[in-house]
Amino acid sequence: MDIISQVKKITREAIANLYRTEIEETSIQVNETKPEFEGDYTVVLFSFVKLLKKSPEILGNELGGYFVQNHPSLFSSSNVIKGFLNLSISDKYWISFLQKNFSDNNFGKKEKTNHRVMVEYSSPNTNKPLHMGHLRNNFLGWSVAEIYKANGYDVVKTCIANDRGIHICKSMVAWLQFANGATPESTGMKGDHFVGDYYVKFGNEYKKQTDELIAGGMSKEEAEKEAPIMKAAQQMLVDWEAGKPDVIALWKKMNGWVYKGFDETYKRIGSDFDKIYYESDTYILGKNLVAEGLNKGVFFQKEDGSVWIDLTAEGLDQKIVQRKDGTAVYITQDIGLAVNKYEEFKNELSIYVVGDEQNYHFKVLKLICQKMGFPSADGIFHLSYGMVELPSGRMKTREGTVVDADDLVDEMVAIAQQHTEELGKVKDFTEDELKELYDTIGLGALKFYLVRVDPKKRMIFNPEESIDFHGFTGPFVQYTHARIRSILRKEKIGENNAILNQASLLKLEKEVIRELEKYHAIIVQACEEMNPSVIANYAFGVAKIFNSFYSEHSIANAETAEKKQLRLQLANFTAIVIKSAMELLGIKVPERM
RNA sequence: GGUCCGGUAGCUCAGUUGGAUAGAGCAACAGCCUUCUAAGCUGUGGGUCAUUGGUUCGAAUCCAAUCCGGAUCACCA
């Protein structure tokens, strides 16, 4: 049990024993003691003052006495300032804690249970390459999955490929009209970028055609409906759903190009999935469920044949679930997918990592599933994250300000290489080792940068700031790890712990241990909040306090043999926790850098 | 217009769910490499926590109103 939980438990116990009063542990507030006061943890007394009719002073002294008397192996002393009871943990406790855990690679993680969670993330459209926003999504989703694993859950990582629909037809139509049979092979392009170019071409041609129609006297709305290339795309969607062979063949060919490109990117950024769903499979099930919902009276049909759900009673609007031409809309397939997932995995929680622009969509999806009476409905959770913007504002396809994922990764790795070469610390590395190191650092910097911010908040990607490898960054944490490993390659950690029994701790030694002790609580918190930034902030905190310790005290040349052993254990423990925390973020840590 | 989200140092972000004098990083300035990796460490300056009112022992945190920014309310996905 972590110390804060123990303090709460003992506080409850003390109040029960001293005052014959039962209180809830959740009503007890325990903080880390502010550095300007003496102590490690602080119990806030104000809330009990009224209940127990005692002054904070007396209450604090009585409770403090109870702590030290009844749990002397844990608490060495206490003091009361205003309404705060400050407790000092004994050095002995810290040292035995260190000895017990310093080589435990699973420290902080929970035992496996059979609770199953599904995390869906990435979910690309197969008509254009991944961009920076997808990277935030991938890193978040992957990390949340790892955090759940660390909390003992059985995790299924999934991805839905949005591989059909009007947007896919757009790039297909444009390819037919403009490509003259060109392929990724014939042009030497990565497949996803190749197809993306035709999606852009569609947009340009569409704009040209609507402009011409408007110039010819048509209204804007009418022109947008009547543009021949749009009509061609809509017809293609109908043909696709009808299974027209040449359309299906083209669709398979172009999607194949895209997947090949995606595979490369996913491999590069270290993203993977246990199960990939395809919208082209789930939309049929969605359409069947629409028919079922129509029978149940959950949905209703308008005169033109389109199918809707009325959510005005829930404070929302009417929402279309199937077009008048019978084709599926976006939410149709999501209804099918929700059922599909649950039938296959019986997961109690289904997390969707999707941008906050779709908050409304997921509210509607959950409501529909609940009204349909699906057993999976209540477990649907939308992990909504904010958009990634540039200092100049939102990324816009039309203005060409979209930051491409592949380009960004290349750039970060190149900067990692440049810094590494300038510092010249790994001149003896082989080509392969260097390449791996550049990837580790470049991707580490990128991932950390995107994951260190609270997911809920939209964030600004500042290119200049992102290439800084100092301070609150991935490379800073990686560097701390490399430094420790460097020492541990030269020095042996002894087997005999008994010699440490009489040791006392210096301020910085204790602060490092105290920080490490928090790791378990951090893992729990990150899971409860579904928030990897909790881990990122913590990893940085560990590295920072260790670096202070490192520069102040020598490990290899410690004052005594006992101190050397203690500090080697401390260093080893720190390296393990850094490595473990960074792994939860999908970031590797190097042995040298 | 309805609904939802946000506003903390010049910039980017924390703030343990209501606790002590609001913290980091970057940027600026001043120091520290004959000692385990200086991608590091130490110090200085920098704040009307958007505004106003309320709730109470105590508010950046909770409530209300206002201002500012964003998202969404499509037979796009």
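Only a predicted model underlies this, so the values are computations on that prediction, with no experimental measurement involved. Below, chain A is the first sequence line, B the second, and so on; all start at residue 1.
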So which protein N/O to nucleotides 14-21 of chain B N/O distances come out below 3.5 Å?
unit_1	atom_1	unit_2	atom_2	d
B:A14	OP1	A:Asp454	N	2.8
B:A14	OP2	A:Lys457	NZ	3.0
B:U17	O4	A:Glu529	OE2	3.4
B:G19	OP2	A:Gln29	NE2	2.3
B:G19	N7	A:Gln29	OE1	3.2
B:A20	OP2	A:Lys34	NZ	3.3
B:A20	N6	A:Thr42	OG1	2.8
B:A20	N6	A:Asn86	OD1	2.8

Please tabulate the protein-to-nucleotide N/O contacts below 3.5 Å involving nucleotides 1-3 of chain B, giving atom names and distances.
none

Enumerate the protein-to-nucleotides 61-63 of chain B contacts in which both atoms are nitrogen or oxygen and the separation is below 3.5 Å.
none

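Sequence order on RNA chain B of the closest nucleotides to A:Asp468 and A:Gly165 puts A:Asp468 first from the 5' end. Of the two residues contacting RNA chain B, namely A:Lys490 and A:Asp325, the nearest-nucleotide position lying further toward the 5' end is that of A:Lys490.
Ring centroid separation for the pair A:Phe549 and A:Phe546 comes in under the 6.0 Å cut-off. Aromatic ring centres of A:Phe448 and A:Phe476: separated by at least 6.0 Å.
Here A:Asn557 lies in heavy-atom contact (under 4.0 Å) with sugar-phosphate atoms only. At a threshold of 4.0 angstrom between heavy atoms, the contacts of A:Met459 are confined to the sugar-phosphate backbone, with no base atom among them. Among the atoms of the strands shown, only primed sugar atoms or phosphate atoms (P, OP1, OP2) are found under 4.0 Å from some heavy atom of A:Ile166. Contacts of A:Arg592 with the nucleic acid, taken as non-hydrogen atoms under 4.0 Å apart, include base atoms. Nucleic acid contact for A:Asn462: none, since no nucleic acid atom lies under 4.0 Å from a heavy atom of the residue. If you check every strand for non-hydrogen atoms under 4.0 Å, A:Thr327 touches nothing. The residue A:His553 sits close to a base: some heavy atom pair falls under 4.0 Å. No engagement by A:Lys456 is indicated, since no non-hydrogen atom pair under 4.0 Å with the nucleic acid exists. Using a 4.0 Å heavy-atom cutoff across all strands shown, A:Ile320 reaches at least one base atom of the nucleic acid. Within the 4.0 angstrom heavy-atom criterion, only backbone atoms of the sugar-phosphate kind lie near A:Phe472; the bases stay farther away. Counting non-hydrogen atoms under 4.0 angstrom, A:Ser554 reaches a base of the nucleic acid. Here A:Glu591 lies in heavy-atom contact (under 4.0 Å) with a base.
Ion pairing of A:Glu491 with A:Arg567 is absent here, as no side-chain N (NZ or NE/NH1/NH2) approaches a carboxylate O to less than 4.0 Å. A salt bridge does not link A:Glu433 with A:Lys427: none of the charged nitrogens is closer than 4.0 Å to a carboxylate oxygen.
The partner of B:G53, taking Watson-Crick or G-U wobble pairs whose two distances both stay under 3.5 Å, is B:C63. Base pairing of B:A20: no nucleotide in any strand meets the Watson-Crick or G-U wobble criterion (both distances under 3.5 Å). Applying the Watson-Crick and G-U wobble criteria (two distances, each under 3.5 Å), B:G31 pairs with B:C41. Using Watson-Crick or G-U wobble geometry with both donor-acceptor distances under 3.5 Å, B:C4 finds its partner in B:G70.
Between A:Phe46 and A:Phe84, the two ring planes are perpendicular [angle over 60°; tilted spans 30° to 60°]. Using the six-membered ring where Trp is involved, A:Phe540 and A:Phe472 have ring planes that are tilted, between 30° and 60° apart.
Remark: side-chain polar atoms of A:Lys287 are paired, donor with acceptor, to backbone N or O of A:Gly326 under 3.5 angstrom.
Between A:Leu311 atom CG and B:A74 atom P the separation is 12 Å, expressed in whole Å. In this structure, NE2 of A:His361 is placed 19 Å from P of B:A71, rounded to the nearest angstrom. For the pair A:Arg458 CZ and B:G6 P, the computed distance is 11 Å after rounding to whole Å. Going from atom CD of A:Gln318 over to atom P of B:A74 covers 10 Å, rounded to whole Å. In this structure, NZ of A:Lys128 is placed 10 Å from C1' of B:C76, rounded to the nearest angstrom. The separation between A:Gln333 atom CD and B:C76 atom P is 15 Å, rounded to whole Å. Atom pair A:Asp356:CG and B:U72:P shows a separation of 8 Å (rounding to whole Å applied). Rounded to whole Å, atom P of B:G23 lies 16 Å from atom CZ of A:Phe540.
Between B:C63 and B:C26, the two C1' atoms lie 36 Å apart (nearest whole Å). When the P atom is compared between B:A9 and B:G47, the two are found 10 Å apart, to the nearest whole Å. Of the P atoms belonging to B:A74 and B:G19, the separation is 41 Å, rounded to the nearest Å. Taking atom C1' on both nucleotides, B:U48 is separated from B:U8 by 12 Å, rounded to a whole Å. Rounded to the nearest Å, the gap between the C1' atom of B:G23 and that of B:G69 is 25 Å. With P as the reference atom, B:U42 and B:G6 are 34 Å apart, rounded to whole Å. Taking the C1' atoms as reference points, B:C68 lies 27 Å from B:G25, given to the whole Å. For the P atoms, the distance linking B:U17 with B:G53 amounts to 29 Å, nearest Å.
Looking only at atom types and distance, the side chain of A:Gln333 has a donor-acceptor partner in the side chain of A:Thr282 under 3.5 Å away. When only modelled atom types and interatomic distance are considered, A:Asn255 and A:Thr126 share a side-chain donor-acceptor pair under 3.5 Å. A donor-acceptor contact closer than 3.5 angstrom links the side chains of A:Thr480 and A:Asn547.
Distance check, rounded to the nearest 0.5 Å: CG of A:Leu390 to CD1 of A:Ile460 gives 9.0 Å.
Contact annotation: A:Ser486 side-chain N/O to B:U37 OP1/OP2 distance is under 4.0 Å.
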Verdict with reasoning, A:His382 to A:Tyr352, per ring-ring contact (aromatic ring centres under 6.0 Å, His included):
CA-CA 5 Å; A:His382 176 205; A:Tyr352 293 78; 7.8 Å; no

Begin from the C-alpha positions of A:Tyr199 and A:His167 and carry the test ring-ring contact (aromatic ring centres under 6.0 Å, His included) through to its verdict.
CA-CA 8 Å; A:Tyr199 184 71; A:His167 56 301; 7.4 Å; no

Which is it for A:Tyr538 and A:Gln525 under the side chain to side chain donor-acceptor pair (under 3.5 Å) test, yes or no, and what are the steps along the way?
CA-CA 11 Å; A:Tyr538 172 74; A:Gln525 186 196 344; over 6 Å; no

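Taking every side-chain heavy atom of A:Tyr550 into account, B:C36 is the closest of B:C36, B:U12, B:A77. In the set B:G70, B:C13, B:G40, B:G40 carries the atom at the smallest distance from any side-chain atom of A:Arg483.
When each of A:Val542, A:Ile535, A:Asn537 is checked for a side-chain contact (heavy atoms from CB on, under 4.5 Å) with A:Ile522, only A:Ile535 meets the rule.
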